Amino acid sequence: MSRFPNNFYWGGATAANQYEGGWNEGGRGLSASDVTTGATKDSPRMKTYIRKDGTAGAYSQFGGRLPEGAELAVVDGYYYPNHKGSDFYHRYKEDIALFAEMGFKMFRMSIAWPRIYPKGIEEEPNQQGLQFYHDVFQELHKYNIEPLVTISHYDDPLYIEQKLGGWNNPEVIELYEKYCHTIFEEYKNDVKYWLTFNEINSATMIANFVPNLPKDTEASAYQALHHKFVASAKVVQYAHEHYPQFQMGCMIAGLFNYPLTCDPKDVIATQQRMQDYFYYAGDVMVRGYYPSFAKKTWKRLGIEESFFDKDKEVLFAGKVDFFTYSYYSTSCHTTHKDAKKDGGGNLSLGYFNEYIQYSDWGWGMDPDGLRYSLNEIYDRYQVPIMVVENGLGAIDHLNEDGTIHDDYRIAYLKAHVEAMAEAIEDGVNLIAYTPWGCIDLVSASTGEMRKRYGMIYVDLDDEGNGSCDRYRKDSFYWYQKVIASNGENLDF
Ligand code: BGP
């Protein structure tokens with residue numbers, strides 16, 4: 001008998017900005033990822049712009065600034081990997097057939113807001129954009145694959161970010177509501193599971209990414225985050241009222257931390273870090289109110305409590321139905337200044353853990369941490385959980401005969417599937433597993449193609465060269481067996 005429930009959703013996850021492509025087709029508008037260049041793990045991605053005098057330039061997305069009067073723009077001479085992604089826009093039928101061949105029960109994808117409302121402000125939605133996702137959902141249903149749709153995954157319309165001041169402007173809440181009302185009505189018969197924002201808590205980690213971040217920049221990130229919480233709560237409430245068949249979820253970046261030592265100071269520092277980075281957002285979205293420790297953060301940042309309190313009722317009325325998170329790695333935290341830092345990467349910003357292995361991109365690989373985090377989350381929230389991202393970013397080699405032997409990826413995934421089975425035995429109500437980048441796609445942190453997560457290989461390199469053809473990796477056949485046995489046959 002399987003340790004996974006019978007109706008467990010096995011699947012895979014993607015996001016439009018990294019996978020879909022077709023950036024200037026079908027009436028789609030621009031998003032910030034369209035003006036973001038490729039990079040490597042050691043050099044930051046850049047955003048490109050045109051100055052008032054017509055000259056072009058670029059600044060680092062970690063701490064750089066747009067010069068006065070300049071406008072973000074696509075500039076000749078730069079390469080933008082997200083423009084093409086993995087070309088799902090033209091190849092969705094082929095890809096969905098491959099997902100079906102693996103036995104997927106669920107497919108996580110996102111809708112690109114600028115494909116529906118190119119600038120975010122239009123009165124009427126873009127019909128071609130609406131039609132594209134109808135076609136995709138139809139194709140998924142042909143194979144009985146349940147879509148799990150992220151409404152906003154790193155691709156708000158550029159116009160909103162650039163001309164309206166982004167999420168710091170409370171008017172954006174209404175634009176987001178309009179977008180949601182449109183897609184809810186349009187896809188009410190196609191989509192049951194929705195996630196309002198991808199990794200909404202990443203704003204709370206901003207001080208970690210940007211060295212010497214000014215306090216007012218951090219404060220404004222928390223204010224923008226509050227507007228996202230309000231927007232999410234409003235559309236969750238709206239969905240519950242109008243579409244009782246919908247299940248609405250949150251999506252939190254799962255950076256779990258351990259105390260580096262048993263020094264009680266490390267334990268407390270780690271607890272505070274988990275509160276700030278993880279539970280701050282989870283509590284608002286699942287419990288419907290800010291946790292008690294939030295006040296300390298607001299005070300430190302000099303934001304009046306009334307800024308948050310005024311929306312108390314809205315937040316409480318828009319509690320989500322289920323909890324989802326991304327889980328790749330864990331990190332350690334300490335107050336001991338001489339401790340060794342861990343590998344880096346876009347989420348791994350803590351201290352080195354000698355008990356776990358690290359990937360080529362410096363992400364700690366820790367399947368036990370998945371079991372631990374599932375238990376922690378379920379104890380706290382008591383709602384169904386989905387692990388909607390997990391996986392190993394690694395370099396793969398395409399052999400002449402079209403095979404890809406990715407036993408390292410199988411080992412990673414196998415250990416994490418085992419950890420989930422253990423968590424279910426611990427009593428956790430886990431209902432879905434959609435590993436990240438089930439098909440190779442552009443890395444969010446580095447813009448690389450060579451950092452591959454997929455069970456399906458996409459023949460494209462970091463400069464966009466290649467046939468873009470798809471190949472089944474060894475992990476494809478392994479995952480097929482896992483799904484067919486409902487998580488019992490993990491051999492390879
Ligand atoms: C998460 C994002 C994804 C995805 C993943 C892997 O933070 O939600 O969009 O990209 O991380 O990260 P990366 O692509 O940087 O390896």
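Owing to the predicted nature of the structure, the values given are computational and were not obtained by experimental measurement. The basis for the numbers below is simple: all heavy atoms, side chains too, and nothing from hydrogens, waters or symmetry mates.
Contact of the W478 side chain with the M455 side chain is not registered, since no non-hydrogen atoms from C-beta on lie closer than 4.5 Å. Looking at M420 and F4, their side chains come closer than 4.5 Å, going by heavy atoms from C-beta outward. With a 4.5 Å cut-off on side-chain heavy atoms, L413 and N390 count as touching. For the pair E174 and E171, the minimum side-chain heavy-atom distance is 4.5 Å or more. For the pair T324/Y193, no side-chain contact is recorded, criterion being any heavy-atom separation below 4.5 Å from C-beta on.
R28 contributes no side-chain N or O that, together with a main-chain N or O of P114, makes up a donor-acceptor pair within less than 3.5 Å. A donor-acceptor contact shorter than 3.5 Å is absent between the side chain of Q61 and the backbone of P44. R409 contributes a side-chain N or O that, together with a main-chain N or O of R452, makes up a donor-acceptor pair within less than 3.5 Å.
Each of Y279, F308, Y222, F307 was evaluated against Y290; a single residue qualifies, F308, per the ring-ring contact (aromatic ring centres under 6.0 Å, His included) test.
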Q: May I have the step-by-step check of side-chain contact (heavy atoms from CB on, under 4.5 Å) for H83 and D34, ending in yes or no?
A: CA-CA 6 Å; H83 284 186; D34 294 316; 3.5 Å; yes

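In summary, the aromatic rings of W167 and F197 are positioned with their centroids under 6.0 Å apart. The aromatic ring centres of Y80 and W23 sit 6.0 Å or more apart. Ring centroid separation for the pair F8 and Y433 does not come in under the 6.0 Å cut-off.
Note: Y238 and F184 have parallel aromatic rings, judged against thresholds of 30 and 60 degrees for the angle between ring planes.
With 3.5 Å as the limit, one finds no donor-acceptor pair spanning the side chains of Y412 and S359. Of the N and O atoms on the side chains of N257 and T270, not one donor lies less than 3.5 Å from an acceptor on the other residue.
A salt bridge links K473 and D440; the closest N-O separation between the charged side-chain nitrogens and carboxylate oxygens is under 4.0 Å. Ion pairing of K105 with E146 is absent here, as no side-chain N (NZ or NE/NH1/NH2) approaches a carboxylate O to less than 4.0 Å.
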